[in-house]
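Read the structure below first, then the notes.
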Protein chains: 2
Amino acid sequence: MNDQNEQSNYDVKKYRTPDGAPADIVMFTLTKRERKTVTKTLPLRELRVMLIRRRAWPFAGKWALPGGFSRDDESLYETAMRELKEETGVVGRHLEYLSVYSDPGRDPRGWIISHAFFALVEEEVLEKRQAADDAGEVGLFTIEEALEELDLGFDHRDIIADAYRRIQEKMLQTTIARKFLPQEFTLSELYQVIKAVVPDFEEPNFIRKITSTRSRKGILEEVRDENGNPVSSNQYSQRPAQLYRFLDNVPRLSIYS
Amino acid sequence: MNDQNEQSNYDVKKYRTPDGAPADIVMFTLTKRERKTVTKTLPLRELRVMLIRRRAWPFAGKWALPGGFSRDDESLYETAMRELKEETGVVGRHLEYLSVYSDPGRDPRGWIISHAFFALVEEEVLEKRQAADDAGEVGLFTIEEALEELDLGFDHRDIIADAYRRIQEKMLQTTIARKFLPQEFTLSELYQVIKAVVPDFEEPNFIRKITSTRSRKGILEEVRDENGNPVSSNQYSQRPAQLYRFLDNVPRLSIYS
DNA sequence: ATAATAGTGTCTATCAGACATTATACC
DNA sequence: GGTATAATGTCTGATAGACACTATTAT
């Protein structure tokens with residue numbers, strides 16, 4: 001029998017092995033800022049990324065993504081969930097795998113292969129959390145700040161750039177907008193959320209397209225009360241606006257049809 | 001000074017580290033089979049996955065994805081390129097990252113975090129290669145065989161299922177169809193390639209849509225000779241068919257517009 | 001002539017895109 | 001009444017979807 005066919009002959013330490021496999025999390029949130037105007041109006045929404053200031057070597061003092069090393073009893077998804085909770089206090093939000101970062105030399109601590117995730121969180125969840133800890137060590141930055149102004153540790157600028165591209169794509173092709181909205185929302189709110197993530201999205205006939213084109217049936221439904229009457233809200237506008245909620249249907253997109 | 005701020009105090013071996021970070025490759029190819037008919041006709045095209053029969057423990061004798069461990073002087077993408085070449089003889093084809101597989105216990109050799117890639121290769125490249133090595137050890141299987149009939153090693157069934165979903169999505173949303181086609185091709189060939197990967201794709205007006213809708217301008221262009229006359233081919237049909245080539249434009253897709 | 005695949009005509013309903021207009025509130 | 005946002009009307013041209021029809025070759 002071939003001696004490679006025996007477990008007892010297998011030596012897991014024959015070659016050098018990685019020094020760690022962390023999960024790093026790009027946590028996106030939409031901040032809402034009240035606007036002081038004469039009449040009711042939508043708050044300003046801005047896409048922001050959470051960063052923490054590093055205390056330890058390497059890159060001590062620099063801003064970087066929250067994250068930490070995976071353990072041998074958990075999947076990387078579980079690592080990301082755990083670190084998200086430990087480092088930022090956020091629990092159970094949308095968390096999705098992005099990519100792996102493995103260029104030799106990317107981490108001065110050794111051979112460290114990092115797995116990036118991105119999370120989407122409503123601002124309210126963060127506000128509770130932030131009050132609870134050391135304010136100077138956690139920051140919410142706009143994408144422009146994170147990508148152009150800050151000097152980030154590791155290759156985290158690349159990771160954030162990739163995550164931004166991914167979230168823009170998903171914002172247009174899926175219904176992840178729901179992660180930044182309450183259960184029931186107006187179409188202006190939805191439009192504003194999309195534009196906050198994809199600034200060059202323009203759709204003058206947005207309301208009509210989303211409400212009355214056959215090909216988009218199944219994305220949204222009107223909210224109705226127990227008598228079947230449409231429910232509207234005038235929280236953000238003079239004239240009340242119809243409330244909608246997301247359904248689970250996402251049309252299949254194709255460049256060929 | 002905080003003692004965590006010194007490189008000299010950093011111990012990379014304080015915690016258990018992974019026993020390896022392999023790259024596994026889901027190599028897709030479209031096999032072409034001549035059909036014996038009275039007249040000229042397109043060959044049958046079928047999507048297939050390359051598997052190798054394992055020689056060593058674990059899962060010796062079972063079919064599994066080609067792949068191998070990453071080294072500390074290369075990125076995982078480079079690992080995948082190298083393994084693709086070493087294990088299958090294929091060089092320089094489309095190779096793209098898929099996802100990470102890290103469930104505890106997924107590999108009996110230890111704590112091994114696997115990185116799946118997928119590759120797209122024309123059949124011709126494989127044919128040259130296959131003749132050159134031990135025929136029994138390499139196989140090309142249809143997706144149905146790989147997912148339903150074979151008993152694969154590791155979690156490779158899940159990986160193939162994920163890769164299949166991904167390639168179906170990309171086939172409709174990008175121009176990766178070009179990876180399975182010659183530089184210049186007819187619209188029937190393109191349609192056939194799409195259907196080989198996404199069997200339920202149906203578009204009766206395919207030719208008209210791709211050639212004469214404004215919103216799809218920039219995907220394809222007609223091949224023309226030095227005098228500007230359209231070039232056609234009758235390799236696969238009685239009546240010659242116009243040849244096309246891909247351009248670099250891919251329209252941005254959105255469920256909202 | 002016949003068969004086979006490539007490609008166009010044609011018709012209706014739907015959709016896109018651009019503006020104008022009306023509707024419903026608060027002030 | 002004035003103002004702000006929500007929603008609809010309306011018009012033109014483009015597209016979708018279905019089916020019939022014509023075109024170009026090999027045999």
Side-chain angles (χ1 to χ4, degrees), chain A residues 34-45 172 184-193 195 200-220 222-223 229-244 251-257, chain B residues 34-45 172 184-193 195 200-220 222-223 229-244 251-257:
Chain A
E34 300 295 325
R35 283 189 296 171
K36 290 188 188 67
T37 53
V38 236
T39 58
K40 291 184 282 194
T41 186
L42 279 173
L44 280 177
R45 286 185 220 240
L172 296 182
E184 305 179 348
F185 51 87
T186 69
L187 295 183
S188 298
E189 283 187 281
L190 171 56
Y191 188 67
Q192 194 203 19
V193 166
K195 289 216 56 149
D200 64 339
F201 178 78
E202 295 281 348
E203 186 47 70
N205 276 326
F206 183 72
I207 294 185
R208 172 176 291 140
K209 281 201 181 177
I210 201 68
T211 58
S212 47
T213 54
R214 230 177 32 175
S215 56
R216 294 183 188 80
K217 202 166 282 180
I219 300 178
L220 296 179
E222 295 179 356
V223 178
N229 298 315
V231 180
S232 57
S233 155
N234 63 350
Q235 186 181 3
Y236 298 125
S237 60
Q238 312 279 39
R239 173 174 173 175
Q242 175 65 43
L243 290 174
Y244 289 83
R252 181 207 249 180
L253 297 171
S254 162
I255 63 173
Y256 298 114
S257 66
Chain B
E34 300 294 325
R35 283 187 297 170
K36 290 189 186 64
T37 52
V38 241
T39 58
K40 291 184 280 194
T41 186
L42 278 173
L44 281 176
R45 287 185 219 240
L172 296 182
E184 304 179 350
F185 50 87
T186 68
L187 295 183
S188 299
E189 283 186 282
L190 172 56
Y191 188 67
Q192 194 203 20
V193 165
K195 289 216 56 148
D200 64 340
F201 177 79
E202 295 281 347
E203 186 46 69
N205 277 325
F206 184 72
I207 293 184
R208 173 176 291 144
K209 281 201 180 178
I210 202 69
T211 58
S212 47
T213 55
R214 230 175 33 173
S215 56
R216 294 182 189 80
K217 202 165 283 178
I219 300 177
L220 296 179
E222 296 179 355
V223 177
N229 298 316
V231 179
S232 57
S233 154
N234 64 349
Q235 184 180 5
Y236 298 126
S237 59
Q238 313 277 42
R239 173 174 172 175
Q242 175 65 44
L243 291 175
Y244 289 83
R252 181 207 249 179
L253 298 172
S254 162
I255 62 172
Y256 299 114
S257 66

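A, B, ... follow the sequence lines: proteins, then strands. Residue 1 opens every chain.
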Check: Below 4.5 Å, heavy atoms only, C-beta onward: do B:R216 and A:I255 meet side chain to side chain?
Finding: no
Next item on the list: Could you tell me how the ring of A:Y256 sits relative to the ring of B:F201: parallel (under 30°), tilted (30 to 60°) or perpendicular (over 60°)?
Entry: perpendicular
Next item on the list: Find which nucleotide of DNA chain C each of A:P240 and B:L187 is nearest to by heavy atoms, and output the residue with the more 5' nucleotide.
Entry: B:L187
Next item on the list: Would you kindly give the CD1-to-P distance between B:I207 and D:dT22, to the nearest whole Å?
Entry: 18 Å
Check: Just how far, in rounded Å, is P of C:dT5 from OH of B:Y191?
Finding: 14 Å
Next item on the list: Rounded to the nearest angstrom, tell me the gap between atom NZ in A:K217 and atom C1' in C:dC15.
Entry: 14 Å
Item checked: Distance in angstrom units between A:I255 CD1 and D:dA16 P, rounded -> 13 Å
Margin query: side chain to side chain contact (heavy atoms under 4.5 Å, CB included) for A:E222 and A:Y244? Distances and angles first, verdict last.
Written below: CA-CA 4 Å; A:E222 295 179 356; A:Y244 289 83; 3.5 Å; yes
Check: Hey, is the side chain of A:R239 pairing donor to acceptor with the base of C:dA25 inside 3.5 Å?
Finding: no
Margin query: If you only use heavy atoms from C-beta on, which nucleotide in D:dA14, D:dA4, C:dG7 is closest to the side chain of B:Q242?
Written below: C:dG7
Margin query: For the backbone of B:K40 and the side chain of B:Q235, can you confirm whether one donor and one acceptor N or O come within less than 3.5 Å of each other?
Written below: no
Note to self: Need to verify one output field. Residue with the more 5' nearest nucleotide on DNA chain C, B:K40 or A:P204?
What the structure shows: B:K40
Check: Choosing from C:dA25, C:dT5, D:dA6, which nucleotide comes nearest the side chain of B:S237?
Finding: C:dT5
Check: Got a donor-acceptor pair under 3.5 Å from the side chain of A:R208 to the base of D:dT10?
Finding: yes
Next item on the list: State which of D:dT5, C:dG7, D:dT25 makes the closest approach to the side chain of A:T41.
Entry: D:dT5
Notebook entry, point to check: With a non-hydrogen cut-off below 4.0 angstrom, is A:S215 in contact with a base, only sugar-phosphate, or nothing?
Noted result: sugar-phosphate
Notebook entry, point to check: Checking only heavy atoms, does the side chain of B:N205 share a donor-acceptor pair with the base of D:dA18 at less than 3.5 Å?
Noted result: yes
Next item on the list: Consider the side chain of B:K209, meaning its heavy atoms from C-beta on, and name the nucleotide among C:dA18, D:dG17, C:dA16 that approaches it most closely.
Entry: D:dG17
Next item on the list: In whole angstrom, give the distance that lies between atom CD of B:Q192 and atom P of C:dT5.
Entry: 12 Å
Next item on the list: Select base, sugar-phosphate, or nothing to describe what A:S188 touches, counting heavy atoms under 4.0 Å on all strands.
Entry: sugar-phosphate
Margin query: Distance check needed: D:dA23 C1' versus B:Q238 CD, whole Å only.
Written below: 13 Å
Check: Taking for each residue the nucleotide of DNA chain D bearing the nearest heavy atom, is the 5' side occupied by B:T213 or by B:T39?
Finding: B:T213
Notebook entry, point to check: Taking all non-hydrogen atoms of both residues, which atom of B:V231 and which atom of B:Q242 are closest, and how far apart?
Noted result: O-NE2, 3.1 Å
Margin query: In whole Å, I'd like the distance from the CD atom of B:E202 to the P atom of D:dA18.
Written below: 10 Å
Check: In whole Å, what is the span from the CG atom of A:L243 to the C1' atom of D:dA7?
Finding: 15 Å
Next item on the list: Can you figure out which of D:dG17, C:dA6, D:dT25 approaches the side chain of B:E203 most closely?
Entry: D:dG17
